[in-house]
Amino acid sequence: RLEEVRTTVKPFLEAHGITIFGLMPRNELLRSVSVGDLVKRLGAEVLCRDDRMDLMVESLSIGAMNVNSALKYFRKGRNMAVITGGDRTDIQLAAIETSTQCLILTGQMSPHPDVVERAKDLEIPILSVDLDTLTTVEIVDRAIGQVRIHEPVKLHCLYEMMAEHFDFQLLLTELNLQPVTA
């Protein structure tokens with residue numbers, strides 16, 4: 001609703017003497033969490049692709065339905081962590097063929113070798129947790145949406161957003177400061 005804020009809220013606030021330095025749009029990357037961070041939070045074992053802990057997870061999906069429904073559901077998601085039982089080979093294979101950043105298996109069961117090989121080929125980490133599905137979902141859900149700037153990709157994104165959407169010159173003027181010249 002950025003346009004509504006730009007055309008209605010901003011003029012209202014400015015008319016009441018409140019200076020607006022910028023309007024920052026929602027950004028899913030800033031609200032995402034790295035696979036490495038999920039590993040720590042979940043106490044997970046990385047079963048494959050421990051070199052891809054830098055992948056960013058923006059959403060969560062749960063694979064608890066039949067494979068046809070799951071595939072339809074997974075195709076709607078973007079940069080997901082998919083949580084499913086370690087015994088659900090059909091769901092695991094369906095998940096890694098979509099926009100999945102990591103597969104999180106509950107129940108401390110080893111995935112089928114075909115799942116591991118396909119995940120390796122697609123560079124998708126598989127994590128195994130010694131937690132039930134509900135607890136796993138709660139931990140991942142809490143992690144997604146908290147804006148933490150730990151990863152370089154997030155910092156770069158924030159710099160770009162600030163350059164585009166924040167008026168630094170206005171801030172300096174309001175603070176009676178001069179810009180630093182090189």
Side-chain angles (χ1 to χ4, degrees), residues 1-44 46 49-63 72-84 95-104 122-125 127 129 131 133-182:
R1 298 175 57 180
L2 190 58
E3 192 56 36
E4 181 181 345
V5 171
R6 187 176 287 123
T7 59
T8 306
V9 177
K10 183 177 185 255
F12 175 82
L13 293 173
E14 289 173 331
H16 287 83
I18 299 172
T19 303
I20 304 297
F21 298 108
L23 299 173
M24 302 293 284
R26 181 183 181 111
N27 183 288
E28 293 305 319
L29 177 60
L30 291 180
R31 298 171 51 79
S32 66
V33 61
S34 71
V35 173
D37 194 18
L38 290 178
V39 169
K40 290 176 193 163
R41 289 171 182 261
L42 293 167
V46 181
R49 295 314 302 230
D50 61 356
D51 59 323
R52 296 309 318 258
M53 297 296 102
D54 60 329
L55 292 174
M56 302 304 292
V57 174
E58 297 176 6
S59 63
L60 165 66
S61 292
I62 304 162
K72 198 180 315 178
Y73 179 67
F74 294 154
R75 285 183 179 143
K76 294 177 186 176
R78 195 173 97 88
N79 297 331
M80 304 174 290
V82 174
I83 300 171
T84 192
I96 60 178
E97 295 299 333
T98 62
S99 182
T100 299
Q101 299 293 71
C102 73
L103 191 57
I104 303 172
L122 296 172
E123 300 185 4
I124 298 171
L127 314 179
V129 296
L131 302 166
T133 301
L134 181 59
T135 303
T136 304
V137 167
E138 288 172 346
I139 292 169
V140 174
D141 191 47
R142 275 195 309 267
I144 295 172
Q146 295 178 354
V147 179
R148 293 170 313 281
I149 311 296
H150 294 225
E151 299 83 3
V153 68
K154 283 187 175 184
L155 193 55
H156 181 71
C157 177
L158 185 57
Y159 283 145
E160 287 181 354
M161 288 182 67
M162 292 296 287
E164 183 177 345
H165 301 285
F166 190 86
D167 189 340
F168 286 100
Q169 187 57 50
L170 180 58
L171 176 64
L172 292 173
T173 301
E174 289 288 316
L175 295 173
N176 292 317
L177 297 174
Q178 296 298 318
V180 177
T181 55

J.: Looking at Val137, Ile104, Val82, which one forms a side-chain contact (heavy atoms from CB on, under 4.5 Å) with Leu60?
T.: Val137
J.: Could you check if a side-chain atom of Asp51 sits within less than 4.5 angstrom of a side-chain atom of Arg49, using non-hydrogen atoms only?
T.: yes
J.: With sequence neighbours left out, write down each residue that passes side-chain hydrogen bond (donor to acceptor under 3.5 Å, both in side chains) with His165, or none if nothing qualifies.
T.: none
J.: Among residues at least two apart in sequence or on other chains, which ones pass side-chain hydrogen bond (donor to acceptor under 3.5 Å, both in side chains) with Thr98?
T.: Thr100
J.: Using side-chain hydrogen bond (donor to acceptor under 3.5 Å, both in side chains) as the criterion, list what pairs up with Thr8, not counting sequence neighbours.
T.: none
J.: Quick check against the 3.5 Å criterion: does Gln101 have a side-chain atom that pairs as donor or acceptor with the backbone of Met56?
T.: yes
J.: How long is the span from the CG atom in Leu2 to the CD atom in Glu4, to the nearest 0.5 Å?
T.: 10.5 Å
J.: For the residue pair Ala44 and Leu127, what are the closest heavy atoms and their distance?
T.: CB-CB, 4.0 Å
J.: So which pairs with a foot in residues 9-21 pass side-chain hydrogen bond (donor to acceptor under 3.5 Å, both in side chains), sequence neighbours left out?
T.: Lys10-Glu14
J.: Any side-chain heavy-atom pair from Ile139 and Leu131 closer than 4.5 angstrom?
T.: yes
J.: Apply salt bridge (Lys or Arg N to Asp or Glu O under 4.0 Å) to Glu97 and list each qualifying residue two or more places apart in sequence or on a separate chain.
T.: Arg118
J.: May I ask you to check whether over 12 heavy atoms, not counting those of Phe168, lie within 6.0 Å of atom CZ?
T.: yes
J.: To check you understand the geometry: which heavy-atom pair defines the closest contact between Val39 and Met53, and what is its length?
T.: CG2-SD, 3.7 Å
J.: To the closest 0.5 Å, what do you measure between CZ (Arg78) and CD (Glu28)?
T.: 7.5 Å
J.: side-chain hydrogen bond (donor to acceptor under 3.5 Å, both in side chains) with Glu138: which residues, sequence neighbours excluded?
T.: none
J.: In Å, rounded to the nearest 0.5 Å, how long is the span from CZ of Phe12 to OG1 of Thr7?
T.: 14.0 Å
J.: What closest approach, in Å, do Phe74 and Gly63 show between heavy atoms, and which atom pair accounts for it?
T.: CZ-CA, 4.0 Å
J.: Nearest 0.5 Å, what's the CD1-OG distance between Ile124 and Ser99?
T.: 8.5 Å
J.: Could you check if a side-chain atom of Val35 sits within less than 4.5 angstrom of a side-chain atom of Arg52, using non-hydrogen atoms only?
T.: no
J.: Output the distance between atom CG (Leu170) and atom CD1 (Ile20), rounded to the nearest 0.5 Å.
T.: 9.5 Å
J.: Tell me which one of Ser32, Pro125, Ser34 satisfies side-chain contact (heavy atoms from CB on, under 4.5 Å) with Leu55.
T.: Pro125
J.: Atom NZ in Lys154, atom CZ in Arg31: separation rounded to 0.5 Å?
T.: 10.0 Å
